[in-house]
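The next block holds one structure in the form of structure tokens; read it before the comments.
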Amino acid sequence: MRNYNSVKRILVTGGAGFLGSHLCERLLNEGHEVICLDNFYTGRKENIAHLRDNPYFEILRHDICFPLYVEVDQIYNLACPASPIHYQFDPVQTTKTSVIGAINMLGLAKRLKIKVLQASTSEVYGDPRVHPQPETYWGNVNPIGFRACYDEGKRCAETLFFDYHRQHNLRIKVARIFNTSGPRMHPNDGRVVSNFIMQALRGEDLTVYGDGSQTRSFCYVDDLIDGLVKLMNSPDDFTGPVNLGNPAEFSILELAEKVIELTGSKSKITFKELPADDPRQRQPDIRLAKEKLGWEPTVSMEEGLKKTIEYFRSFVEGDRK
Ligand code: NAD
Ligand code: UDP
Ligand code: UDP
């Protein structure tokens, strides 16, 4: 039975994307109504096809760079391409989505006097000089580089969230998400986990950029979604920014070797040029999330990779579009 006192109508922007589709599913399972907004730039109808029969699920094709008038109780703002290949394909659009999109979602939240959560990113730390990264670190970002459209766009969005909070008393939540992977990542997404798994399953060489000594920390999608929902439901005086990610840190070369081992592939590793401004190290300090949200990841990189490999196997074997 749906409890109408606790049921909310929730807007998820970027709801047809990788993280957004998992979030829509989680919120529907909790009994809420979900409006999934997406312009399908990197999102896929296949990611949400299984939710379409649910009468409490609604799909809205819309670009958040344009004003939006709907009546909802909460907003999760996830719309923005997240893979470097996709966000650098049309960098001006990436900044518009981050900045103008944030203004529109903040304006909507302000009119409705509702809570709004921003999916920010570890990229606000740039190529960090402090390791691991706590929320108090201001970051080291090249403002005119190839990654700037995303990094600076997301930094400006954070600024807007905090100014709406201070100037208009808006209730905000800012999550700084570190590398997250899992089922429903686009097979041609271009990010490292999907690239390596698809290459290993097809028997192609795994493309390690640079010497592979750069590090990342990989969070499994279910853990991350749990963190976002806990953040949204935390007391109003906790705004974040709060890091959400798995603190277990691995080099990209270690990741490549692990993917080869877990897929049982005969693929080899090949080295390619390192992209400009590629961060050397990245590892979240998650003490704040533990203290304020009682949150920490529960799925190890290896367990997460196994589940993700199973998902991608169905693409390679032709069972899934
Ligand atoms: P994704 O590319 O799979 O999803 C993004 C979704 O936003 C897509 O469905 C896309 O079509 C949609 N979108 C893009 N521009 C839009 C616009 N102008 N209007 C409406 N919809 C638009 O990426 P993801 O990994 O699911 O990332 C979701 C959010 O989380 C992004 O904001 C991203 O910056 C953030 N994030 C993700 C990670 C990660 O590792 N997955 C890390 C840090 C931050
Ligand atoms: N906005 C929106 N939906 C709403 C309310 C506002 O899309 O329900 C947009 C609106 O287009 C505006 C932006 O949000 O440009 C910022 O709104 P705000 O009220 O902060 O500023 P203003 O309307 O004064 O520009
Ligand atoms: N990378 C790689 N091979 C690939 C894709 C990415 O070696 O096929 C590297 C990339 O240079 C970076 C890391 O893996 O150092 C993570 O890249 P991703 O694009 O997944 O996300 P980022 O954390 O850089 O935004």
Side-chain angles (χ1 to χ4, degrees), residues 12-23 36-44 47-48 60-71 76-87 90 93-94 96-98 100-112 118-124 147 150-151 153-154 157 160 164 167-168 170 175-182 184-186 189-196 198-199 206-219 221 224 228 244-245 251-253 255-256 269 271-275 277-280 282:
V12 177
T13 78
F18 158 52
L19 294 180
S21 62
H22 286 274
L23 179 60
C36 163
L37 176 154
D38 212 291
N39 69 350
F40 295 99
Y41 181 55
T42 51
R44 290 158 43 87
N47 287 345
I48 46 173
L60 185 61
R61 180 184 279 269
H62 181 81
D63 184 324
I64 57 162
C65 297
F66 297 92
L68 175 74
Y69 289 84
V70 290
E71 309 307 309
Y76 287 85
N77 186 34
L78 272 63
C80 186
S83 156
I85 290 188
H86 292 136
Y87 71 63
D90 187 349
Q93 177 62 29
T94 300
K96 283 185 185 171
T97 293
S98 288
I100 302 174
I103 292 175
N104 285 328
M105 292 307 105
L106 288 161
L108 176 63
K110 182 183 131 201
R111 176 175 67 79
L112 298 172
Q118 167 69 356
S120 190
T121 168
S122 54
E123 291 283 325
V124 300
R147 297 176 83 102
Y150 183 76
D151 301 7
K154 289 283 190 178
L160 285 160
Y164 268 78
Q167 201 174 325
H168 301 299
L170 194 69
R176 290 186 179 153
I177 303 170
F178 283 66
N179 297 62
T180 300
S181 53
R184 300 202 202 122
M185 289 185 93
H186 198 294
D189 183 275
R191 282 179 275 186
V192 69
V193 171
S194 43
N195 270 10
F196 283 179
M198 288 303 281
Q199 289 162 340
L206 272 65
T207 52
V208 168
Y209 301 159
D211 62 6
S213 62
Q214 72 271 34
T215 68
R216 294 292 186 272
S217 311
F218 297 97
C219 187
V221 59
L224 195 277
L228 290 182
L244 294 178
S251 74
I252 294 303
L253 195 55
L255 174 72
I269 292 173
F271 294 90
K272 298 212 161 177
E273 201 183 332
L274 189 69
D277 297 336
D278 199 282
R280 286 282 320 146
R282 205 185 275 149

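Just so you know, ligand 1 is whichever comes first in the structure, and atom 1 is the first atom listed for that ligand.
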Would you indicate which of [options] comes nearest to [atom] when only heavy atoms are counted?
atom                    : options                        : result
atom 44 (C) of ligand 1 : Ser120, Ala82, Ala119          : Ser120
atom 7 (O) of ligand 3  : Tyr150, Tyr209, Tyr87          : Tyr209
atom 2 (C) of ligand 2  : Leu68, Leu160, Leu170          : Leu68
atom 3 (N) of ligand 3  : Thr215, Thr207, Ile269, Asn179 : Thr207
atom 22 (C) of ligand 1 : Asn39, Leu224, Asn77           : Asn39
atom 13 (C) of ligand 2 : Leu106, Ile103, Ile64          : Ile103
atom 32 (O) of ligand 1 : His86, His186, Arg216, Lys154  : Lys154
atom 43 (C) of ligand 1 : Val221, Asp63, Ile177          : Ile177

For ligand 1, find out whether one of its N or O atoms is nearer than 3.5 Å to an N or O atom of [X].
X      : result
Cys65  : no
Pro81  : no
Leu37  : no
Gly43  : yes
Ala79  : no
Tyr41  : yes
Asp189 : no

| request: Kindly state if atom 24 (O) of ligand 2 has a protein heavy atom within a strict 4.0 Å cut-off, that is, under 4.0 Å? | output: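 Not a single protein heavy atom is under 4.0 Å away.
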
| message | Is atom 11 (O) of ligand 2 near the protein, in the sense that some protein heavy atom lies at less than 4.0 Å from it? | response |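 Yes, there is one.
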
| What orientation do His62 and Phe66 show, parallel under 30°, tilted 30 to 60°, or perpendicular over 60°? |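 Plane angle over 60°, so perpendicular.
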
| message | Can you classify the ring geometry of Tyr87 versus Tyr150 as parallel (below 30°), tilted (30 to 60°) or perpendicular (above 60°)? | response |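 The rings of Tyr87 and Tyr150 lie parallel, inter-plane angle below 30°.
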
| query | Can you find a non-hydrogen atom of Gln199 under 4.0 Å from ligand 3? | reply |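 Outside the 4.0 Å threshold, so no.
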
| said: Is Lys272 close enough to touch ligand 3? Criterion: a residue heavy atom under 4.0 Å from a ligand atom. | reply: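 The answer is no: ligand 3 sits nowhere under 4.0 Å from a heavy atom of Lys272.
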
| query | Which atoms of ligand 1 have any heavy atom of Phe40 under 4.0 Å away? | reply |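 Answer, ordered by atom number: 11 (O).
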
| task | Run the numbers for me: atoms of ligand 1, each under 4.0 Å from some heavy atom of His62, listed by number. | result |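 Heavy-atom distances to His62 below 4.0 Å select 19 (N), 20 (C).
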
| task | Could you tell me whether Arg111 and ligand 2 have an N or O pair separated by under 3.5 Å? | result |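 Yes: some nitrogen or oxygen of Arg111 is under 3.5 Å from one in ligand 2.
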
Name the closest protein heavy atom to [atom], giving the residue it belongs to and the distance to 0.1 Å.
atom                    : result
atom 18 (P) of ligand 2 : Lys110 NZ, 3.5 Å
atom 22 (P) of ligand 3 : Arg147 NH2, 3.5 Å
atom 9 (C) of ligand 2  : Asn104 OD1, 3.4 Å

| field | Within reach of ligand 1, part of Tyr150 (heavy-atom separation under 4.0 Å) | value |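 The answer is the side chain of Tyr150.
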
| said: Measuring from non-hydrogen atoms of Asn179 to any atom of ligand 1, is the shortest distance under 4.0 Å? | reply: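 Under 4.0 Å: yes for Asn179.
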
